[in-house]
Amino acid sequence: MDRAEFDQPVQTLAPALLGALLVRQPDQPGQPRRIARIVETEAYHQSEPACHAHRGRTRANAGLFGPPGHAYVYFTYGMHFCLNASCGDGATAAGVLFRAAQIIEGQDLARQRRPAARRNADLARGPARLTAALDVGQAFNGADLCDPAGLLHLARDDQPHRPERIAAGPRTGVRLAWQTPWRFYLKDCAEVSPYRRHPKASR
DNA sequence: GATTTGATTCTCT
DNA sequence: GAGAATCAAATCC
């Protein structure tokens with residue numbers, strides 16, 4: 001995918017990435033390629049309190065400050081990784097969280113990585129499930145998602161979704177600014193994760 | 001230095 | 001619907 005696409009406001013980029021393909025190249029001989037079609041995203045921006053970079057740049061969140069089109073991978077709840085794509089001007093922190101996807105190639109390998117998944121739709125139905133299915137860990141933090149030669153990159157689908165299938169709503173599981181409708185997903189998609197309000201969400 | 005919390009998932013009820 | 005698993009980073013004292 002062209003890096004210029006990442007040079008737009010995060011709330012515009014997040015819905016634009018729906019239907020895009022996340023391509024995971026094999027890192028061992030004989031391993032198949034895995035492709036995930038993005039069906040759910042969330043936008044985060046430095047200006048709002050739900051963003052990891054809201055309180056300024058740290059070593060952990062440096063990936064959100066660009067350059068655009070790179071991976072920001074963070075570790076949470078003691079056991080899970082989540083994958084973002086950085087965007088913006090490189091000075092302001094912003095990113096798109098990949099929350100769910102359809103595995104359209106390499107399902108067998110994804111199943112090995114997600115033994116708990118009962119259905120194919122559960123393989124990447126959730127941000128940490130997605131990274132597990134594709135073997136994306138901290139090592140991918142900072143990876144260039146616009147480089148087709150890399151282990152992980154974004155590509156455009158030949159047959160993109162129709163625009164009217166996009167829906168928006170509040171972001172899942174965030175405590176602060178949870179009402180900001182920056183979660184985008186494809187309607188009627190079995191792979192979209194269920195909405196859960198944070199137990200301590202205020203207001 | 002100690003404590004709290006989280007952009008979660010799984011299992012059991 | 002509730003509770004556990006599990007740890008890095010942020011926050012507090």
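In what follows, chains carry the letters A, B, and so on, assigned in the order in which the sequence lines appear, proteins first and then strands, with residues in each chain numbered from 1.
Within the structure, a side-chain polar atom (N or O) of A/T58 is placed less than 4.0 Å from OP1 or OP2 of C/dA10. Taking 4.0 angstrom as the limit, A/R99 places a side-chain polar atom (N or O) nearer than this to OP1 or OP2 of B/dT8. Here A/R129 reaches the OP1 or OP2 of B/dC10: one of its side-chain N or O atoms lies under 4.0 Å away.
Across B/dA7, C/dT11, B/dG6, the shortest atom-to-atom separation from the side chain of A/H198 is found for B/dG6. The side chain of A/V174 lies closest to B/dA7 when the candidates are B/dA7, B/dC10, B/dT5.
Following rounding to the nearest Å, A/L176 (CG) and B/dT5 (P) show an atom-to-atom distance of 12 Å. What separates CG of A/L130 from C1' of B/dA7 is a distance of 13 Å, to the nearest Å. For A/Y195 and B/dT8, the OH to P distance is 11 Å, given to the nearest whole Å. Between the OH atom of A/Y77 and the C1' atom of B/dT8 there is a distance of 6 Å, given to the nearest Å. As rounded to whole Å, 14 Å separates atom C1' of B/dT11 from atom CZ of A/R114. For the pair A/R55 CZ and B/dG6 P, the interatomic distance rounds to 12 Å; values are reported in whole Å. Per the geometry, CZ belonging to A/R118 stands 10 Å off C1' belonging to B/dC10, to the nearest Å. Atom NZ in A/K200 sits about 6 Å away from atom P in B/dG6, given to the nearest Å.
For A/D108, the CG atom is loosely surrounded, since the number of other residues' heavy atoms within 6.0 Å does not exceed 12. Around CZ of A/R118, the count of heavy atoms belonging to other residues, nucleotides or ligands within 6.0 Å does not exceed 12.
Between the side chain of A/Y74 and the base of B/dA7 there is at least one donor-acceptor pair of N/O atoms closer than 3.5 Å. Interface remark: the A/H52 side chain does form a donor-acceptor pair with the B/dA7 base, using a distance-only criterion of under 3.5 Å.
Looking only at side-chain heavy atoms (C-beta outward), A/Q46 and A/F65 come within less than 4.5 Å of each other.
Of all non-hydrogen atoms in A/H52 and A/N61, the two that sit nearest each other are O-ND2, 3.3 Å. Residues A/Q107 and A/N120 come closest through the heavy atom pair OE1-ND2, 3.0 Å.
A/A128 comes within contact range of the sugar-phosphate backbone alone, with a heavy-atom separation under 4.0 Å but no base atom that close. Heavy atoms of A/N84 sit under 4.0 angstrom from at least one base atom.
A salt bridge links A/R113 with A/D135: the closest approach of a Lys/Arg side-chain nitrogen to an acidic carboxylate oxygen falls below 4.0 angstrom.
The partner of C/dA2 is B/dT11, judged by Watson-Crick or G-U wobble contacts that both fall below 3.5 Å. With a 3.5 Å ceiling on both atom-pair distances, the Watson-Crick or G-U wobble partner of B/dG6 is C/dC7.
The nearest heavy atom of DNA chain C to A/M79 and to A/Q138 marks one nucleotide each, and the one closer to the 5' end goes with A/M79.
The ring of A/F75 does not lie on top of the base of C/dA8; it is either too far (5.5 Å or more) or too tilted (30° or more).
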